[in-house]
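These notes concern the structure reproduced below.
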Amino acid sequence: MNPPDDRIDRRDSLRASYVRAEGLDKFMQELQSYVQPGWEEDYIDYERLKLLLKEHGGEKEGGVRVNTDKDKLDAEFFPVLENELDKVNEAFVRKCDYFESVVHSYHPQGPQGTVQLSGDSETSEAKAAPRPAKHVTHEDYWTAFKDLGKMTTYVWINRQGFFKIMKKYDKVCALTNTGRELGPDFERRLDHEVFTGPRLETLIELYKNKKPQATSIGSTLEMKLIAGTANPELANELSARLGVPLMPVKIGAFNDGEVAIQLMENVRNAEVYIIQPTSTPVNDNLMQLLLLISACRRASASRVIAVVPYYGYARQDRKERSRVPISAADVAKLMESMGVDRVCCVDLHCGQIQGFFGPRTPVDNLWASTIALQYFKSRVDSDNVVVVSPDAGGVARAKLFKDGLEAVNMKPSLAVIIKQRVKAGEVGQTDLVGSVRDCDVIIVDDMIDTAGTLCAAANELKQFGAKRVFAFATHGLFNNPAAKRIEESYLEEVVTSNTIPLRDEVVQQTAKIRQLSVGKLLAEAIVSIHTGKSVSQLFDVKNHAMASA
């Protein structure tokens, strides 16, 4: 147990960080957004740990800390880190004790569905979830169930905070990319901490098994989240941001490769969101998505919304030669045939794909540009930056990104690379419309496959006089030999979103790739769809960029 004065110091440090809008890094902004009133003392004091690293991390040279006294840093840093872990674990147990007392005190078949809470449960709830009524009614039970969902967010925020602070520790101690990093080891350790253990999952199951036959409070339909196997990390992030646990689903395969699906929970009259990008292996992930939609529809779900961050087959959106299918349209028909009610995607390769779905199946095509604007503001010269489209077809996307940079008080210009092909696969001449001399350059595209076009563009821009060359693409497929090409190119850094998980072999081949999360953007879209609010505000890059600044 920490000394009382130390606890007060931590509390004041954390609360002070909540009222500072300026100077917070991205994670502190996340923590500020998701912290629950009354729980402030129970989260990781990320700001305090970060300040310790800054104070004892040596001097900066070229953006890198050098001459760090590691022994002195360890003596100061790790005791505080262990105290923070103890604090989070203790708070987690206290909250779970309270929720457990509620679920065990509630009896759906009791007199008027109410029961008196015991004295023990009243004393144990001091700093946990919001206190229910003296008698546990159906409404009190649903309120507690909703608050239990906030615990999913609580666990995720703290886990992210600890892992991020260890990545900063590795950077300060010059351990990054040396094979001696502590971050991955610490993340594995977190798997065995109390607050990441199975107790929360067990409590959620208890609540589900005892819940009355009613919908959740505050919505006409109960929200259910289902994750396929394509991107479990993004699905877990959405679950945490929404405070809605992922529904258990069995996804397997027969010996001949047939996909086998079974929903392990009732979805009757619920609004189901299926989170499944159709990335590699494309056909397996697409079949999973189709069968999950079918299973929900056959199980009498009220509405089925497919959240498809990456839409596979999107590049086959027209007939470029004779006797070929328009595969992007055929995939849309398959999803409609299975009974999908709505589709939510991120940066479709071609916006007209929305028209491949019928008028009864609306499609939301979210722009991922907003997640990268603040990041590039801190990485490039704000007054001397050029946004470049690698081909004429991507000018609209590059223009949108340029508008977003202007919204965060940068002064970008626009340029386009024009290629004249001698024949298919062979470029005869490359021209640049615009100037990049002595400027930081950001190449903007929707996806990176083998990185051939991207790396060629980066090298050409360097020949045209660019100072530094960066790239932003929403979808990072990084198929061979993409990682090797990026590592050997003039690219300073390649930034992508996490619509597609980054494979380990890619990380091992190059350290130039950085992923940013679209979790917040997708969570906002899901909330808007579920509550019936307008989704159009998420399409306004300028306003969304200023709101997230």
Side-chain angles (χ1 to χ4, degrees), residues 230 259 276-291 293-294 306-368 389-400 416-431 433 443-457 473-480 482 496 499-500 539:
V259 176
Q276 176 77 340
T278 51
S279 51
T280 306
V282 177
N283 295 333
D284 287 349
N285 288 331
L286 175 60
M287 186 56 68
Q288 276 188 30
L289 174 62
L290 296 174
L291 295 182
I293 295 170
S294 175
V307 181
V308 189
Y310 171 71
Y311 187 100
Y313 288 96
R315 286 173 284 185
Q316 301 182 54
D317 58 350
R318 60 194 180 277
K319 291 188 71 171
E320 292 183 316
R321 54 191 184 277
S322 302
R323 298 177 295 281
V324 296
I326 304 178
S327 303
D330 297 333
V331 168
K333 298 302 180 188
L334 286 169
M335 292 171 66
E336 280 193 306
S337 298
M338 291 299 102
V340 73
D341 292 289
R342 192 181 188 114
V343 179
C344 182
C345 300
V346 180
D347 271 348
L348 287 168
H349 182 67
C350 176
Q352 290 87 327
I353 289 174
Q354 296 169 88
F356 293 160
F357 292 84
R360 295 183 180 179
T361 309
V363 179
D364 300 304
N365 182 26
L366 306 178
W367 296 99
S389 172
D391 52 50
V395 173
R397 184 177 290 105
K399 174 65 166 60
L400 191 71
V416 187
I417 294 175
I418 305 295
K419 296 177 181 177
Q420 300 179 21
R421 296 185 182 274
V422 177
K423 59 181 180 181
E426 183 179 335
V427 177
Q429 181 179 340
T430 300
D431 298 311
V433 179
I443 303 173
V444 177
D445 210 345
D446 66 319
M447 69 173 69
I448 300 172
D449 191 348
T450 61
T453 300
L454 175 67
C455 292
T474 305
H475 311 295
L477 281 69
F478 299 122
N479 294 313
N480 282 331
T496 68
T499 55
I500 299 171
F539 301 139

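Remark: I500 CD1 to H475 NE2 distance equals 6.5 Å, nearest 0.5 Å. The structure places SG of C455 at 8.0 Å from CD1 of I448, a figure rounded to the nearest 0.5 Å. Atom CZ of F356 is separated from atom CG of L348 by 10.0 Å, given to the nearest 0.5 angstrom. To the nearest 0.5 Å, atom CD of residue Q288 and atom CD of residue Q276 are 5.0 Å apart. Here the CG-CZ distance, from D445 to R397, works out to 6.0 Å after rounding to the nearest 0.5 Å. Once rounded to the nearest 0.5 Å, the distance linking CG of D341 with CZ of R360 reads 11.5 Å.
We find that D449 and R315 are joined by a salt bridge, their nearest charged nitrogen and carboxylate oxygen being less than 4.0 Å apart.
Contact detail for R342 and P362: the closest heavy-atom pair is CG-O, 3.4 Å. Taking every heavy atom of both residues into account, V308 and M335 meet most closely at CG2-CE, 4.2 Å. Nearest approach of V444 to P390, heavy atoms of both residues: O-CD, 3.3 Å.
Checking side-chain atoms of S389 against main-chain N and O of D391 turns up a donor-acceptor pair under 3.5 Å. Of the possible polar contacts, one joining the N365 side chain to the D347 backbone as a donor-acceptor pair under 3.5 Å is found. Side chain of T278 to main chain of Y310: a donor-acceptor pair is present (N/O by atom type, distance under 3.5 Å, no hydrogens or angles).
Counting only heavy atoms from C-beta outward, the side chains of D364 and V343 never approach each other to under 4.5 Å. Side-chain contact between V340 and T361 is present, with heavy atoms from C-beta onward closer than 4.5 Å. Taking 4.5 Å as the limit, every side-chain heavy atom of N480 sits out of range of all side-chain heavy atoms of T450. Using a 4.5 Å cut-off on side-chain heavy atoms (C-beta onward), C344 and L366 make contact. Between T496 and T474 the shortest side-chain heavy-atom distance does not fall below 4.5 Å. Side-chain contact check for F357 versus E336: some heavy-atom pair is nearer than 4.5 Å. S279 is listed as a side-chain neighbour of N285, based on a closest heavy-atom distance under 4.5 Å. The closest side-chain heavy-atom distance from T499 to P277 is not below 4.5 Å.
Heavy atoms from other residues, nucleotides or ligands lying under 6.0 Å from CE of M287 number 12 at most.
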Mind running side-chain contact (heavy atoms from CB on, under 4.5 Å) on Q352 and D317 for me, showing each step along the way? CA-CA 8 Å; Q352 290 87 327; D317 58 350; over 6 Å; no

Could you walk me through whether N283 and Y313 pass the side chain to side chain donor-acceptor pair (under 3.5 Å) test, one step at a time? CA-CA 10 Å; N283 295 333; Y313 288 96; 2.5 Å; yes

Apply side-chain contact (heavy atoms from CB on, under 4.5 Å) to residues L477 and M447 and explain how you reach the verdict. CA-CA 7 Å; L477 281 69; M447 69 173 69; 4.2 Å; yes

I would like to know whether W367 and V346 meet side-chain contact (heavy atoms from CB on, under 4.5 Å); could you show each step before the answer? CA-CA 6 Å; W367 296 99; V346 180; over 6 Å; no

